[in-house]
Amino acid sequence: MRKILCVAEKPSIAKAVANHLAGAHVPARSVTGSTYTKNYEFDYNFGPPWNQCRVVFTSVAGHLTVTDFDPKYKNWRAFPATELFEARIDVFVKDDNKPIERNIEQEARGAFALFIWTDCDREGEHIGMEVRNAARKTNANIQVKRAIFSNIERAHIIEASRRFHELDEKQAAAVETRNELDLRIGAAFTRFLTLSLQKVSPKLEDRPVISYGSCQFPTLGFVVDRYWKVRNFTPEPFWKIAVMHQKQGMDVRFTWKRGHLFDRMTVVILFERCLAAKHARVSKVTKKPTRKYRPLPLTTVELQKNGTRFLRLDSKRVMTVAESLYNKGWISYPRTETDQFDKATNLRPFIEKQAQSTQWGQYAQGLLDGGFQFPRSGRNNDKAHPPIHPVNFVFPNTLASDDERRVYEFIVRRFLACCSADALGESTTIDLTYGPERFATSGLTVLEKNYLDVYPYERWESSAQLPPFAEGETFVPTEANIVDGKTTAPDYLTEPELIELMDRNGIGTDATMAEHISKVKEREYIRAVARSGAGAGEGEEEGQGNVGRGARGSRGGRGGRGGRGGRGSSAGRGGGRGGLDQLVPTQLGVALIDWYESLNLDKNVAKPFLRKDLEVQLKAICDGAKTKTQVVQTEVEVYREIYARQSQQVALLKAVCSPMWLSDRDARLQY
DNA sequence: GCAAGGTC
């Protein structure tokens, strides 16, 4: 029988696909020298033209090769850093990956075909090419095909095994391009910064390198940007009209439709007109059903945002813990952009497993007994992995750490919440006309909590009851006055906000964003500090009481409580639950960003534009509009110019950075 | 001693 070699991107996929194809459990054969990769052997009929084959299914563990400069460039002072823009680059297999490469070389020998099962994304295409190169070392004529699959459902995998595609060289070339540019630019700029600043003070000898990276700098830029917004903020006074009416022993506070105005005289005039009217009139009473949507299936970015918000872990920690849960088989693959479950997926088995929990088992059973609703679909699908979900039940107290227990619990609850019904309620809005002005108040009655019963991370509660009002009813308000206040500075960035910004601006990937944040902390560009004082306002602060009471009905997932009418900063931002750490730049971080800004470059390295430009160029490579050589050349030219510009301003760089070296190393900025 | 991207 003819032999075929199949290779997946990671061991878990090799195992899953092998078992699906074989239709039974296939024993794993270990690979000498490699802890994680295994070989699976079985017979399988691929259909024409391959038909019945002897299959060896194995995997790599991500990229096989790394890219680095010719070793002669190891010495930072032996060559000018600009030489790194053109220095020879080697692509080679690192020692840890040698056993994996050797396994492929060995198994390719005697195989007539290589069938590649890497993830269907750009990196996956590149990994496929690395695998092909390894196989060709021992079998130059091996036929190479690629499988295209977007999940590991049995039927889908069987389908995929019968269609043979070509590796996409263009996508692989785009990855090589990113690799080369990030290396050349990152290394050249890092050496420039580190060496320029080293002579500024003897204190520098024990400093970490002052690194530059195409993701590190925009990440730092976001933090510094917010820092200046906070520092440069000047409060503005405002005024507004507040109306309160007592009815059936209840205080009902009506808020002004205009919100607030920054001109006191105008408010006084409008207020006098209200008073002159004496009577306020109920113009409309609206009662309508409202709902709070259950969450979407969980992506990596959401896991990181929610983990930092609800569990108070930093995103790097969340990912480390999630990877460990994945490796032990408790949860599905934790790196995914997909927020929709394939309609063909049977989710019941995963819910059944959770029914034995003492904490949420009863709830899970309720879903099985009829409460189940297939999850909503978000807009993202990476065509490689399903949303993050629990695959097996584990008693939380048997997990290794408290963090593992909490992350696991979150993933399970999130999954059960996804499979539940929306929370339902009824909202009442009372519109009021008072003289020329309009006011309103609203109340919420939660009727069915549904998913909220298993998802304590979100709140949606009934407001205090409103007394009945009838349309057309008039009354003289118990109290009406002008309330003054002033706008307050925004808060420093929090980690979930930073992740959101990075995600929106394409800085890093779902799997690397947490690492970039961790890296700029390690470089002492930013630090996380505990929030000081009791929760700051959300952009306004009032002089008198808390105007505007109670909850308002909410559509689309935003928490309902205390809708202050302003920015929709969602649950967990302060919220009276301790407050998240704030990300603040260090003196060094601010100095670097401000200095780059002062260079007046066409495109600032501290902004996401350059990274976005690169993404556009990479897309052009994938579409065949440009070649790797062209893109590397034009990009390198851009950075050569920036390099030249920054070289002229070394004196200024030293100047803006020196005070901090000369003063106490741990000198802090004023926050 | 440099980057960012995979994966364990």
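Residue numbers begin at 1 in each chain, while the letters A, B, ... track the order of the sequences.
At whole-Å resolution of the value, CG in A/Leu614 and P in B/dA4 are 12 Å apart. Separating the CD atom of A/Glu176 from the P atom of B/dA4 is a distance of 19 Å, rounded to the nearest angstrom. Following rounding to the nearest Å, A/Ile517 (CD1) and B/dA4 (P) show an atom-to-atom distance of 13 Å. Rounded to an integer number of Å, the gap from CD of A/Glu615 to C1' of B/dG5 is 12 Å. In this structure, A/Tyr333 atom OH and B/dG6 atom C1' are separated by 8 Å, rounded to whole Å. The interatomic distance linking A/Lys74 (NZ) with B/dG1 (P) rounds to 8 Å, in whole Å. When rounded to the nearest whole Å, the span between NE2 of A/His126 and C1' of B/dG5 equals 10 Å. In this structure, A/Glu323 places its CD atom 11 Å from C1' of B/dG6, rounding to the nearest Å.
Neither OP1 nor OP2 of B/dA4 sits under 4.0 Å from any side-chain N or O of A/Thr512. For B/dA3, the OP1/OP2 oxygens have a side-chain nitrogen or oxygen of A/Ser211 closer than 4.0 Å. Taking side-chain N and O atoms only, A/Arg523 has a distance below 4.0 Å to OP1 or OP2 of B/dA3. Put simply, A/Arg122 has no side-chain N or O that comes within less than 4.0 Å of OP1 or OP2 on B/dG5. The side chain of A/Thr509 places no N or O atom within less than 4.0 Å of a non-bridging phosphate oxygen (OP1 or OP2) of B/dA4.
In this structure, A/Lys10 pairs ionically with A/Asp119, as a charged nitrogen and a carboxylate oxygen lie closer than 4.0 Å. Salt bridge present: A/Glu123 and A/Arg178 bring a charged side-chain N and a carboxylate O closer than 4.0 Å.
Between A/Glu515 and A/Cys215, the residue anchored closer to the 5' end of DNA chain B is A/Cys215, taking for each the nucleotide with the nearest heavy atom. Position along DNA chain B of the nearest nucleotide to A/Asp68 versus A/Tyr326 favours A/Asp68 as the more 5'-ward residue.
A/Ser324 comes within 4.0 angstrom of nothing in the nucleic acid, heavy atoms only. As judged by a 4.0 angstrom heavy-atom cut-off over every strand, A/Gly508 is placed among residues touching the sugar-phosphate backbone only. In this structure, A/His516 reaches the sugar-phosphate backbone alone: every heavy-atom distance under 4.0 Å involves primed, P, OP1 or OP2 atoms, never a base. Note on A/Gln216: only backbone sugar-phosphate atoms sit closer than 4.0 angstrom, heavy atoms only; bases stay farther off. Counting any heavy atom pair closer than 4.0 Å across all strands shown, A/Tyr212 reaches sugar-phosphate atoms only and no base atom.
Considering only the side chain of A/Asp182, B/dA4 comes nearest among B/dA4, B/dT7, B/dC2. Distance from the side chain of A/Ala187 is smallest for B/dC2 among the nucleotides B/dC2, B/dG6, B/dT7. Distances were taken from every side-chain heavy atom of A/Arg611 (C-beta onward) to each of B/dG6, B/dA4, B/dC2; the shortest belongs to B/dA4. Taking only side-chain atoms of A/Asn179, from C-beta outward, the nucleotide of B/dC2, B/dA4, B/dG6 with the closest atom is B/dA4.
DNA chain B lies under 4.0 Å from at least one heavy atom of each of the following residues of residues 7-18 of chain A: A/Glu9, A/Lys10, A/Pro11. Contacts between residues 128-137 of chain A and DNA chain B, defined by a heavy-atom separation under 4.0 Å, are absent.
Between A/Val223 and A/Ile593, the closest side-chain pair of non-hydrogen atoms is not below 4.5 Å.
Here the side chain of A/Thr338 pairs no donor or acceptor atom with the backbone of A/Gln340 at under 3.5 angstrom. In this structure, A/Thr67 contributes its side chain and A/Val91 its backbone to no donor-acceptor pair below 3.5 Å.
When each of A/Lys305, A/Glu495, A/His516 is paired with A/Ser315, the side chain to side chain donor-acceptor pair (under 3.5 Å) condition holds for A/Glu495 and for no other. Of the candidates A/Phe341, A/Tyr408, A/Tyr333, A/Phe410, A/His389 forms a ring pair (Phe, Tyr, Trp, His ring centres under 6.0 Å) with just one, namely A/Phe341.
Partners of A/Tyr212 according to the ring pair (Phe, Tyr, Trp, His ring centres under 6.0 Å) rule, which considers only residues two or more places apart in sequence or in another chain, are A/Phe189, A/Phe217. With sequence neighbours left out, the side chain to side chain contact (heavy atoms under 4.5 Å, CB included) criterion links A/Arg645 to A/Leu599, A/Asn600, A/Leu601, A/Gln648. Partners of A/Phe69 under the ring pair (Phe, Tyr, Trp, His ring centres under 6.0 Å) rule, at least two apart in sequence or in another chain, do not exist in this structure.
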Identify each donor-acceptor pair in which a side-chain atom of residues 635-643 of chain A lies under 3.5 Å from a protein atom, sequence neighbours left out, and give them as a table.
residue, atom, partner, partner atom, Å
A/Glu635, OE2, A/Gln617, NE2, 3.3
A/Arg640, NH2, A/Glu86, OE1, 2.5

